[in-house]
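Notes to accompany the following structure.
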There are 2 protein chains.
Amino acid sequence: MQDSRDTGDEPSPGLVSTAIQAITQHIRAEGLAPGDLLPSEAAMTRQLNVSRTVVREAFRSLSAMRLIDMSAGRRATVAKLDTGAMSMVIEHGITTQQISVQQVYDVRRTIEMRTVALAALRRTDAEAAAIASFARLMRENFKHPEIVMEHDIAFHEAIAGASHNPVFSLIVTAFSGVTRRTWVIGWRTRSTDEDQLKMIKGHEDIAEAILKGDPRLAAEHMAQHFDKSVKALLDAGIA
Amino acid sequence: MQDSRDTGDEPSPGLVSTAIQAITQHIRAEGLAPGDLLPSEAAMTRQLNVSRTVVREAFRSLSAMRLIDMSAGRRATVAKLDTGAMSMVIEHGITTQQISVQQVYDVRRTIEMRTVALAALRRTDAEAAAIASFARLMRENFKHPEIVMEHDIAFHEAIAGASHNPVFSLIVTAFSGVTRRTWVIGWRTRSTDEDQLKMIKGHEDIAEAILKGDPRLAAEHMAQHFDKSVKALLDAGIA
DNA sequence: CCCGGAAAACCTGTATGACAGGTTTGTATC
DNA sequence: GATACAAACCTGTCATACAGGTTTTCCGGG
C-alpha cells in the first residue's frame, strides 16, 4: 500500500528513524511544551503513510528516552526534562567496561565543583536549608549505610538543583545510578566510626559554605570531598 | 497465551519496560562487550513469554538510545559508547525551552576548562597535532562560516578526546548539536574580518598551550574563549 | 582433503487485523 | 444544570504473514 511518494523517498535509514524524526520535528515545528499532546498513532500512521507498527516503535523509542510520556488510553505528551536516557547511557558504558568508575568521578568532581560554587551564589534560603538537612540526616543515620547513601545522593542532587542550571542537574542525576552501585564500597574503606563521621563532616562543611554564600570555600570543600572519595575507591581496588 | 507466572507478575510498568530491563540485565549478567551478539527476538520472545511485538519495541528502544546496534538480517549487537541519546535529550530540552543556550554554554565552559587541562597533560603528539590542525583549517577557511564551524566543533571534540576520559567526550559531543544551531549567530556578531580572525587566534592559543603541555595556560585560554562566545551570543540576544 | 557455490535455516523490517482495557466526549435523562 | 451512561477514541498486546538480508549447511567438483 504505502507508496512512499510522501516524504520524497529517503535513502534507507529505516522507516522508524524517519518516524522518530517526524515526531521530534513536529514538537519543534509546533513549539510544543511539556504536557502538550502529540498526534495519535493513527494520525501519525496516516500522515507518514506507514503501518502502525512503525509509528508505534517510534513513539516507544522516544518514550524510552523519556522525551515523551505514554500511558494507556491517553495520547502521548511531551515530557519534562528527565535524566532517564542519560543514566542508561552511563550505566551501559560502565557495565560494558567502556568507562571506569574513576573516570565518572573525575567528571563529577569537575561538574560539582562548579555546581557547588553556583549554589553558594544562587541558592534560595529554602535550598540551603534542604541541603543542610540532608547532611544532618546523614549524621543522624550514620549507622545505616543505605540511608546515609540515599541522603548523600540527595545532597548532591540538591546542590545541583540550587545551581539553577537544569543541565547540571541532568548530568549529576545521571551519575546517581553509578554512585548507588559503588557508594558502599567506598564507605567500607572508612572502617571506623571516626572515619565515617569525618566524611559526613565534609558534607556539613559544604552545606555551611553554601549557607554562608562563599563559592570559593564551597568549591574547596567539594574538591576535598571528591579527592577523599576517589582515594577511598582506589584503596578498595576500583579501576 | 502468556500466563505471566514467569517473572512473578510485577506491578504494571508494562511488558516493554520489563523486556528492556531483561535485555540490559542480560548484557550485564553475561558480561557482554561492544560487538557481542544479543539473543534473537524469537529467543527473547520465548524467554519472556510475550509477543514479538513487545520484544521488538524493547530492542528498538535500546537501539534508539544507541545502546545496541540493529540491522536487517543480523542479530543485534552491543553498541560502542555513543552520544546519540544524550544529544537527543539536550536537543529536546532546548526545543521545548526547558534549558537555554546560555545554560549549555556554562556547562560546556565548566567541562572544557577541565578537558583542555587534561589534554595538555595527557595528549599524545598525534592528538596535539590534530588539534592544532583543526585550528589551522579554521584560519584557512575563514571565509566560509560553515566550514569554520565544523572545524571548530571538531577542535573541541578532539580536545575532549585527548583528555582520555570518554565521559567527557560523550558530554562534549552531545552538545555539538546545539552548537551547530547557534554557532552562526555568534559568528555574525563578529562582523569584521579582524574580529573573526581574533576568535580563531583564540583557538590557536589553546592548541599551542596544549602542545606546550601547560594546563593552566590552556584552561585560561579556554575560559577566555568561552567568555567571548557567551558575550557574542548575548549580544545577539540569545536567551 | 579442500574449495566453491547453491540451498536451507535463521533473522530482522514492515504490514494487517483483532481485541482488551483505559480515557474522553457527548448525550440523554432526571 | 447535574449526573450517569453510552459511544468514540486511544493505547497495549497478540497472532500471522511475507519480503528481503545474513549465516550456516551441505553437496559436488577439483
Side-chain angles (χ1 to χ4, degrees), chain A residues 1-7 9-23 26-27 32 35-79, chain B residues 1-7 9-23 26-27 32 35-79:
Chain A
M1 182 163 291
Q2 31 82 37
D3 58 61
S4 79
R5 207 188 327 89
D6 194 357
T7 59
D9 218 333
E10 272 107 56
S12 57
L15 300 188
V16 175
S17 301
T18 310
I20 290 177
Q21 258 195 299
I23 297 168
H26 175 90
I27 294 175
L32 299 188
D36 289 352
L37 287 175
L38 276 77
S40 73
E41 293 174 4
M44 228 35 180
T45 293
R46 281 190 298 276
Q47 184 192 321
L48 298 179
N49 220 23
V50 295
S51 72
R52 174 146 93 105
T53 309
V54 169
V55 171
R56 223 186 129 58
E57 286 182 13
F59 270 99
R60 185 65 85 168
S61 294
L62 292 172
S63 166
M65 286 187 273
R66 310 285 194 90
L67 302 191
I68 67 177
D69 289 323
M70 295 174 77
S71 72
R74 253 194 288 274
R75 274 199 277 163
T77 61
V78 176
Chain B
M1 180 163 293
Q2 33 78 44
D3 58 62
S4 78
R5 207 190 325 91
D6 194 359
T7 57
D9 216 332
E10 272 107 56
S12 59
L15 300 188
V16 175
S17 301
T18 309
I20 290 178
Q21 257 193 299
I23 297 168
H26 176 91
I27 294 175
L32 299 187
D36 289 352
L37 287 174
L38 275 73
S40 72
E41 292 175 3
M44 229 32 181
T45 293
R46 281 190 297 275
Q47 183 191 323
L48 298 179
N49 219 23
V50 295
S51 71
R52 175 146 93 106
T53 308
V54 169
V55 171
R56 221 185 132 59
E57 285 181 15
F59 271 97
R60 186 64 89 166
S61 294
L62 291 171
S63 165
M65 285 187 271
R66 308 284 193 91
L67 302 192
I68 67 177
D69 289 323
M70 296 173 77
S71 73
R74 254 194 287 273
R75 273 198 278 163
T77 61
V78 176

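Below, read A as the first sequence line, B as the second, and so on, with proteins coming before strands; counting in each chain starts at 1. Source: prediction; values computed, not measured.
The residue among A:Thr53 and A:Leu38 whose nearest nucleotide of DNA chain D is located toward the 5' end is A:Leu38.
Here A:Leu15 contributes atom CG and A:Ile20 contributes atom CD1; the two are 11.5 Å apart, rounded to the nearest 0.5 Å.
For A:Arg66, the side chain to side chain donor-acceptor pair (under 3.5 Å) partners at least two apart in sequence or on another chain are A:Asp82. Looking at residues two or more places apart in sequence or on another chain, you find a salt bridge (charged side-chain N to carboxylate O under 4.0 Å, His left out) between B:Arg52 and B:Glu41.
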Polar pairs (N or O, both sides) under 3.5 Å between protein and nucleotides 10-13 of chain C?
unit_1: C:dT12; atom_1: OP1; unit_2: B:Glu41; atom_2: N; d: 3.3
unit_1: C:dT12; atom_1: OP2; unit_2: B:Glu41; atom_2: N; d: 3.2
unit_1: C:dT12; atom_1: O4'; unit_2: B:Gly73; atom_2: N; d: 3.3
unit_1: C:dG13; atom_1: OP2; unit_2: B:Arg56; atom_2: NH1; d: 2.8
unit_1: C:dG13; atom_1: OP2; unit_2: B:Arg56; atom_2: NH2; d: 2.7
unit_1: C:dG13; atom_1: O6; unit_2: B:Arg52; atom_2: NH2; d: 2.8

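Two residues are said to be in side-chain contact when any heavy atoms from C-beta on lie closer than 4.5 Å; B:Ile68 and B:Thr77 fail this criterion. B:Val54 places none of its side-chain heavy atoms less than 4.5 Å from the side chain of B:Glu57.
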